[in-house]
Amino acid sequence: MTLLLRLIDEPAAESIVAGSCPAGWRCAPDYPAEGDRVAAAMFLERCAAGIDPRPFGAYLVWKVTERAYGTTDSEQPGVIIGGIGFHGGMDDRGRVEIGYGIVGSERRKGHATQALRQLIEVARDLGAVTLFAETDPSNEPSQAVLRRVGFSRYGDDEHAVRFELALGCR
């Protein structure tokens, strides 16, 4: 099993906002989750404002299974299990905020960790210097994922726990 990240596009985002699986794809039974709908709506708002958020946009987390004998390249040998991405482009210091979510039926299988490691590499390739993220104080599993991939906790209050990861110099 492998995870791939795929940049979202407008037709997929419209389906996700409507609460359905994008046409031509297979999705986990509990996809899209509320966080996926929010991220897709943010993507569409930026597009409507004439701003293409890609490549600092939302990505679908696609769980790819082994290709069955006899399937063609046009058949999707996997399912969408969540989303991950950036909350906008880099600021003038090279900082960019990230967020992610995996549907309940696919949690506790290492998918968030694997997807986040891939997103970190995307951010490096795009020239980001620092990634940061916020979690709900009660979301211990998400905090554990961030720590597992190297993020450090740098602050918190009653609303959020804040993490960051230095990627290097520009």
Side-chain angles (χ1 to χ4, degrees), residues 1-9 11-44 53-68 71 73-88 96-126 128 130-153 160-167:
M1 185 278 309
T2 303
L3 289 186
L4 299 176
L5 306 185
R6 181 183 175 121
L7 269 167
I8 196 169
D9 61 18
E14 290 167 356
S15 294
I16 294 165
V17 168
S20 61
C21 188
W25 293 87
R26 292 185 358 200
C27 294
D30 46 348
Y31 182 87
E34 180 61 26
D36 299 302
R37 290 191 292 275
V38 169
M42 288 172 42
F43 172 84
L44 290 173
R54 294 167 287 202
F56 284 104
Y59 291 76
L60 301 172
V61 178
W62 185 33
K63 179 179 161 183
V64 181
T65 54
E66 293 296 322
R67 185 177 299 280
T71 59
D73 287 339
S74 64
E75 294 173 308
Q76 304 297 336
V79 296
I80 300 170
I81 61 167
I84 193 166
F86 304 101
H87 293 252
V96 63
E97 184 176 7
I98 59 102
Y100 56 89
I102 302 295
V103 294
S105 64
E106 292 291 331
R107 290 186 185 148
R108 302 195 190 293
K109 298 177 182 180
H111 300 324
T113 301
Q114 185 178 349
L116 187 50
R117 285 185 176 132
Q118 290 181 34
L119 190 70
I120 290 167
E121 292 310 310
V122 170
R124 275 194 178 104
D125 291 346
L126 294 171
T130 305
L131 298 180
F132 64 100
E134 292 184 357
T135 69
D136 185 277
S138 65
N139 193 343
E140 290 290 335
S142 184
Q143 294 170 36
V145 167
L146 290 165
R147 286 190 300 271
R148 193 172 300 120
V149 299
F151 279 72
S152 299
R153 187 173 178 163
V161 179
R162 293 171 185 82
F163 289 86
E164 68 180 357
L165 176 67
L167 300 178

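In this chain, numbering begins with 1 at the start of the sequence shown. Predicted, not measured: the structure shown is a model, and the values here were computed from it.
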Checklist line | Gap between atom CD1 of Ile80 and atom CG of Leu4 - 0.5 Å precision | finding: 11.5 Å

Next item on the list: Heavy atoms only: give me the nearest Asp30-Gly104 pair and the separation to one decimal.
Entry: OD2-N, 3.3 Å

Next item on the list: May I ask you to test the Val145-Phe151 pair for a side-chain heavy-atom distance under 4.5 Å?
Entry: no

Checklist line | Sub-4.5 Å side-chain heavy-atom contact between Ile98 and Ile120 | finding: no

Check: Shortest non-hydrogen contact from Arg107 to Ile102?
Finding: NE-O, 2.7 Å

Item checked: Non-hydrogen atoms of Tyr100 and Ser142 that approach each other most closely -> OH-OG, 2.8 Å

Next item on the list: Kindly compute the distance separating CD (Gln114) from CD1 (Ile84), expressed to the nearest 0.5 Å.
Entry: 10.5 Å

Item checked: Side chain to side chain, Asp9 and Arg54, heavy atoms closer than 4.5 Å -> yes

Next item on the list: For the pair Arg162 (side chain) and Phe132 (backbone), establish whether a donor and an acceptor sit closer than 3.5 Å, ignoring hydrogens and angles.
Entry: no

Margin query: Any side-chain to backbone donor/acceptor pair from Arg37 onto Pro32? Under 3.5 Å, distance only.
Written below: yes

Next item on the list: For residues Phe43 and Pro53, report the shortest heavy-atom separation together with the two atoms involved.
Entry: CD1-CG, 3.3 Å

Margin query: Are the side chains of Ile8 and Ile16 in contact, using a 4.5 Å heavy-atom criterion?
Written below: yes

Check: Within the side chain of Gln143, is there an N or O that forms a donor-acceptor pair under 3.5 Å with the backbone of Asp136?
Finding: yes

Check: In Å, rounded to the nearest 0.5 Å, how long is the span from CG of Leu146 to CG of Leu165?
Finding: 9.5 Å

Next item on the list: Identify the heavy atoms of Val79 and Ala28 that sit nearest to each other, and give their distance.
Entry: CB-N, 4.1 Å

Check: Judged by atom type as modelled, is there a donor-acceptor pair below 3.5 Å linking the side chain of Gln118 to the main-chain atoms of Leu3?
Finding: yes

Margin query: Can you tell me how far apart CD (Glu121) and CG (Leu167) are? Round to the nearest 0.5 Å.
Written below: 8.5 Å

Margin query: With rounding to the nearest 0.5 angstrom, report the CZ to CG distance, Arg124 to Leu131.
Written below: 8.5 Å

Item checked: For Ala128 against Val96, the heavy-atom pair lying closest together -> CB-CG1, 4.1 Å

Check: Taking the side chain as C-beta and beyond, is there a heavy-atom pair between Lys63 and Arg26 under 4.5 Å?
Finding: no

Next item on the list: Report yes or no: does Ser20 contribute a side-chain atom to a donor-acceptor pair with the main-chain N or O of Ser15 at less than 3.5 Å?
Entry: yes

Next item on the list: Verify whether one side chain among Ser105 and Tyr31 offers a donor that lies under 3.5 Å from an acceptor in the other.
Entry: no

Checklist line | Close side-chain approach of Leu60 and Asp36, heavy atoms under 4.5 Å | finding: no

